[in-house]
Structure formats: structure tokens, C-alpha cells
**Q** 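I am attaching a structure below and will ask some questions about it afterwards.
As the structure lists them, so they are numbered: ligands from 1, and atoms in each ligand from 1. No experiment lies behind these values; they were computed from the predicted model shown.
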Amino acid sequence: MTKLTNCILNKDPSCVPVWFMRQAGRYLPEFRNIRSKNKNFIKLCLNSNLSSKITLQPMERFRLDAAIIFSDILMVPYSLGQKVKFEKNIGPKLSLFNLKNFQSNKKKDFTGKLRPVYEAIKKTRKNLNKEKSLISFIGAPWTLIVYMFGLKKDKNTIDINKLKKSESDIKIVLEKIVDFLCVHIDNQIKAGADTVQIFDSWAGLIPQENLFNYCYKPNKKIVDFCKQKKIPVICFPKGIKKKYLEFAKIVNPDCLSLDYEINPNWARTNLNNYCLQGGLDPKILFEKEDVIFRAVDKYLNAFKGHPYIFNLGHGLLPETNPEVLQKLIDRVNNFK
Ligand code: CP3
């Protein structure tokens with residue numbers, strides 16, 4: 001067992017493992033160096049030597065307890081036949097969704113397209129200290145659907161008319177994509193990953209009346225699959241505020257990752273039955289050292305004696321200074 005899986009499965013509060021969402025990424029000059037020579041992001045994710053190398057970059061720099069495989073949640077829609085482009089300052093753009101094409105997908109071809117991701121996991125596991133976890137991940141069905149159907153109007157709102165118009169297609173995709181996501185999880189585990197994180201990054205945009213069907217139900221199906229495979233699973237239903245409690249009760253994951261809107265003291269009181277992760281606002285890392293340390297200590301103190309994994313409330317931002325991150329990691333590792 002690793003420090004991370006011991007915390008999640010044995011609910012051992014005696015140490016606080018630490019890793020970061022987007023720990024492999026643009027805030028690291030060594031990543032930017034590789035990225036500048038590899039303009040096509042999807043191709044980069046499908047280059048198993050480079051994606052393994054990128055996965056290990058933060059592990060070489062910092063005392064982290066887990067690596068997360070360098071890939072993207074959008075590799076799944078890509079492997080189900082949609083074109084995916086990453087445009088600077090706009091974000092990911094997918095080609096128009098077509099239900100017939102979607103329904104014609106076969107699991108074998110899907111696995112074939114994602115083979116380089118599994119190769120990258122194998123290579124990474126070989127080069128990673130056995131005390132460290134290797135985290136695999138997927139996007140939750142709803143969050144993938146936001147991109148597959150182009151549902152966003154701007155950064156933080158969805159186009160309700162488009163959502164209503166696509167409702168019958170969305171229902172079909174919600175059901176069927178779970179099967180492909182479970183295949184992807186299974187393949188990642190077989191390749192050597194020991195933990196799964198499910199990113200429902202846009203759960204906060206779901207209309208209240210759809211929360212059960214669009215968020216809880218699909219997350220629960222995937223969590224149940226992971227439990228059946230005895231693989232520790234972390235859920236991140238970002239933006240649902242106090243519904244975290246309802247989510248926890250219904251979905252019952254091994255660990256819940258908090259976003260930066262959740263008050264840590266509220267979480268300690270109300271989510272006391274669950275192993276918890278993260279929460280710190282990634283923007284805090286732009287502040288002065290004393291402000292950062294105060295914020296870090298707030299989380300460490302709130303979860304003292306409770307199974308807790310240190311992480312952020314969303315991914316590391318590209319403007320983050322790696323030296324500041326180093327200080328934060330030391331603070332967590334030296335906390336008694
Ligand atoms: O280090 C890690 O966390 C592992 C790699 C990882 C990436 N994306 C690499 C990446 C992970 C776990 C993801 C998950 C992901 N991808 C999510 C869920 C987490 C979240 O942030 O909410 C989402 C919504 C995506 C979709 C996505 N991919 C977006 C919106 C973007 C562009 C905007 C942005 O934040 O850069 C990407 C591109 C992407 N994925 C980059 C990286 C390192 C940046 C690519 C670049 O170099 O230009």
C-alpha cells in the first residue's frame with residue numbers, strides 16, 4: 001500500500017499525503033519546454049514516452065506522494081470519434097456531436113485508440129518509487145457532455161436552451177458513456193494505476209432538478225464499478241456547494257475532493273464520515289508567504305486527526321511559481 005491508498009482505504013489519519021491537480025503542466029518550465037516543441041496537445045498525450053516523462057517531472061522536483069498520469073479527460077470523446085482542438089485562450093473545442101457515430105463505437109477500437117495512455121502508465125509505474133501512488137482519472141459523464149455538446153455559453157454558464165434541445169441525446173450518452181469510462185478505468189488499472197479520480201468539474205452548472213440524473217447517478221455507477229474492482233476512488237463534484245453532503249450520501253466514494261468554495265470547518269463537521277482531499281484556492285499561491293501559510297494551516301488544522309489528503313480546490317494555475325509550491329509542500333510535510 002502507498003501512503004495515499006492507506007489514507008483512503010484504511011482511513012489512516014496519521015499522515016497527510018500530498019499531490020496536486022495539474023501538477024504536471026504549464027507552471028513548470030520543463031513542461032513548457034516539451035510543450036513548445038509539441039504543438040498538438042492530443043498528439044502529445046498519445047506520445048507515451050513524453051507523457052510518461054511529463055508525469056514524472058513534478059515527482060523529480062518535489063516530495064509528492066502521488067503522480068497523476070499526464071493525459072486529458074477529453075481523450076475519451078476523442079477516442080469516441082469527436083475531433084478535439086485546444087485553442088489558446090478559448091479552451092478545448094470539439095467537432096459537432098453526432099449520435100449515430102457515437103452509438104457505432106466499439107469497445108475494442110476505443111481501447112486501441114487509448115493504447116498509448118496505457119503504455120505511458122506502464123512506463124511511469126516502472127520508473128516511480130513503489131511508495132508513490134500513480135493516479136489515473138476520467139471526466140464524469142456530465143463534464144464530458146458539456147464539451148461534447150458544446151453546452152457552455154461562456155466561462156461559467158451553460159446554454160439552457162441548447163441543454164433542453166439536446167436532452168434526449170444527452171440521456172442516451174449519459175447511459176452509454178459510463179460503459180466506455182469503466183473500460184478506460186479498467187485498462188488504466190491493468191496498466192499499473194492504483195487510484196482513480198473522477199473529475200466532475202462542471203457539476204456546479206447542472207440545473208438543480210437534474211442533479212440526481214446528471215451528476216449523482218452516473219458518478220455512483222462508476223464509483224460502484226471501482227469498488228467492485230477494489231480500486232480507491234476519489235470524486236470531485238466541483239461547484240455543487242452544500243450539495244456535497246447529498247452527493248456523499250448517495251455516491252459514497254472512498255474519498256471526496258473539496259473545491260475552494262467549501263469551508264473546511266463545514267466539511268469537517270458535515271462530511272466527517274468520509275476521507276477528504278484538497279480545498280485550498282489555487283489563487284492563494286499568488287499571495288505573500290504568510291498569507292499562504294495561514295491558509296494552508298487552516299486546512300491542516302481543520303482536518304487534524306481525520307483522514308485527509310492535501311491538494312488544491314482546483315488545478316494549479318499556469319502562473320504559479322514552482323518555488324512557492326515547494327514551500328507549501330514543505331509546510332505540509334513538516335506539519336505535526
Ligand atoms: O497534472 C495533471 O493533473 C494531469 C493531467 C491533466 C490535464 N488535464 C492536462 C492538461 C488532467 C487531470 C486534466 C483534467 C481535465 N482536463 C479537466 C478536469 C480538471 C479541471 O481542470 O477541471 C478538464 C475540465 C479538462 C479539459 C481541459 N484540458 C481544458 C479546459 C484545457 C484547457 C484549459 C486549461 O486549463 O489549460 C485542457 C488542456 C490541458 N490539459 C492542459 C494540461 C496540462 C494545458 C495544455 C497546454 O499546455 O496548453
**Q** Has K132 got a side-chain atom pairing as donor or acceptor with A67's backbone, closer than 3.5 angstrom?
**A** no

**Q** Verify salt bridge (Lys or Arg N to Asp or Glu O under 4.0 Å) between K249 and E246, making sure each step is shown before the conclusion.
**A** CA-CA 5 Å; K249 282 184 181 154; E246 193 172 68; over 6 Å; no

**Q** Using a 4.0 Å cutoff against the non-hydrogen atoms of M21, which atoms of ligand 1 qualify?
**A**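 Answer for ligand 1: 3 (O).
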
**Q** With a 4.0 Å cut-off on heavy atoms, does F20 reach ligand 1?
**A** no

**Q** Run the numbers for me: atoms of ligand 1, each under 4.0 Å from some heavy atom of A24, listed by number.
**A**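 So the answer, numbered in order with elements, is 1 (O), 43 (C).
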
**Q** For R331 and D297, run salt bridge (Lys or Arg N to Asp or Glu O under 4.0 Å): C-alpha distance rounded to whole Å, both residues' side-chain angles, the deciding distance at 0.1 Å, then the answer.
**A** CA-CA 9 Å; R331 185 86 177 180; D297 291 356; 2.6 Å; yes

**Q** Which protein non-hydrogen atom lies closest to atom 38 (C) of ligand 1, naming both residue and atom, and how far is it?
**A**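 Closest protein heavy atom to atom 38 (C) of ligand 1: F86 CE2, 3.4 Å.
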
**Q** Among the heavy atoms of I69, does any lie under 4.0 Å from an atom of ligand 1?
**A**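 Flag set, I69 near ligand 1.
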
**Q** Just going by heavy-atom distances, which of W19, Y147, F199 is nearest to atom 24 (C) of ligand 1?
**A** Y147

**Q** May I ask you to check whether S201 has an N/O atom sitting below 3.5 Å from an N/O atom of ligand 1?
**A** yes

**Q** Considering the options K220, K227, Q228, K221, which one meets the side chain to side chain donor-acceptor pair (under 3.5 Å) requirement together with D224?
**A** K220

**Q** Considering only non-hydrogen protein atoms, determine which one is nearest to atom 11 (C) of ligand 1 and report residue, atom name and distance to 0.1 Å.
**A**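 For atom 11 (C) of ligand 1, the nearest protein heavy atom comes out as F137 CZ, 3.6 Å.
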
**Q** Is the distance from the ring center of H184 to that of F137 below 6.0 Å?
**A**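 No: the rings miss the under 6.0 Å criterion.
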
**Q** Would you mind checking which non-hydrogen protein atom is closest to atom 39 (C) of ligand 1, with the distance to 0.1 Å?
**A**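 The closest heavy atom on the protein side is F41 CZ, 3.4 Å.
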
**Q** So which heavy atom on A140 is nearest to which on D200, and how close?
**A** CB-CG, 3.3 Å

**Q** Give yes if a backbone or side-chain nitrogen or oxygen of H314 is under 3.5 Å from a nitrogen or oxygen of ligand 1, and no if not.
**A** yes

**Q** Quick one: nearest non-hydrogen protein atom to atom 46 (C) of ligand 1, plus distance?
**A** R35 NE, 3.1 Å

**Q** Show the numbers, then the answer: is there a ring pair (Phe, Tyr, Trp, His ring centres under 6.0 Å) between F86 and Y147?
**A** CA-CA 12 Å; F86 290 85; Y147 292 105; 8.8 Å; no

**Q** Quick check on F236 - does any of its heavy atoms sit under 4.0 Å from an atom of ligand 1?
**A** no

**Q** Starting from atom 36 (O) of ligand 1, which protein heavy atom do you reach first, and at what distance in Å?
**A** R26 NH2, 2.3 Å

**Q** Side-chain contact, heavy-atom cut-off 4.5 Å: E261 with K238?
**A** no

**Q** Record the part of P318 in heavy-atom contact with ligand 1 below 4.0 Å; permitted values are side chain, backbone, both and neither.
**A**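 None of P318 does.
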
**Q** Taking only non-hydrogen atoms of P92, do any sit less than 4.0 angstrom from ligand 1?
**A** yes

**Q** Determine yes or no for a side-chain-to-main-chain donor-acceptor pair under 3.5 angstrom, with T111 supplying the side chain and K108 the backbone.
**A** no

**Q** So which heavy atom in the protein is nearest atom 35 (O) of ligand 1, and how far is it from that ligand atom?
**A** R22 NH1, 2.9 Å

**Q** Just to confirm my output: which protein heavy-atom neighbour is closest to atom 6 (C) of ligand 1, and how far is it?
**A**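 Sorting protein heavy atoms by distance from atom 6 (C) of ligand 1 puts S71 O, 3.4 Å first.
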
**Q** Distance alone, cut at 3.5 Å: any donor-acceptor contact between the side chains of D330 and N334?
**A**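 D330 vs N334: no donor-acceptor pair found between side chains.
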
**Q** Check side-chain contact (heavy atoms from CB on, under 4.5 Å) between T2 and all other residues, then give those that pass, not counting sequence neighbours.
**A** L4, T5, S133, D194

**Q** Any side chain to side chain donor-acceptor pair (under 3.5 Å) involving residues 282-293? Give me the pairs, sequence neighbours left out, ordered by first then second residue.
**A** E289-K327, D290-R294

**Q** Going by the closest heavy atom to atom 14 (C) of ligand 1, which one wins out of I73, I42, L144?
**A**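 The residue whose heavy atom sits nearest atom 14 (C) of ligand 1 is I73.
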
**Q** Tell me, do V183 and L114 make a side-chain contact under 4.5 Å, heavy atoms counted?
**A** no

**Q** One residue to check: Q197. Relative to ligand 1, which of side chain, backbone, both or neither has a non-hydrogen atom less than 4.0 Å away?
**A** neither

**Q** Please list, in number order, the atoms of ligand 1 under 4.0 Å from a heavy atom of I68.
**A**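 This gives 1 (O), 2 (C), 3 (O), 4 (C), 12 (C) as the contact atoms.
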
**Q** Where on K238 is there a heavy atom closer than 4.0 Å to ligand 1, on the side chain, on the backbone, on both, or on neither?
**A**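 For K238, no heavy atom sits under 4.0 Å from ligand 1.
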
**Q** Report yes or no: do S104 and N101 form a side-chain donor-acceptor pair below 3.5 Å?
**A** no

**Q** Please list, in number order, the atoms of ligand 1 under 4.0 Å from a heavy atom of F31.
**A**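 The atoms of ligand 1 under 4.0 Å from a heavy atom of F31 are 47 (O).
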
**Q** Specify the protein heavy atom at minimum distance from atom 40 (N) of ligand 1: its residue, its atom name, and the distance to 0.1 Å.
**A** D72 OD1, 2.7 Å

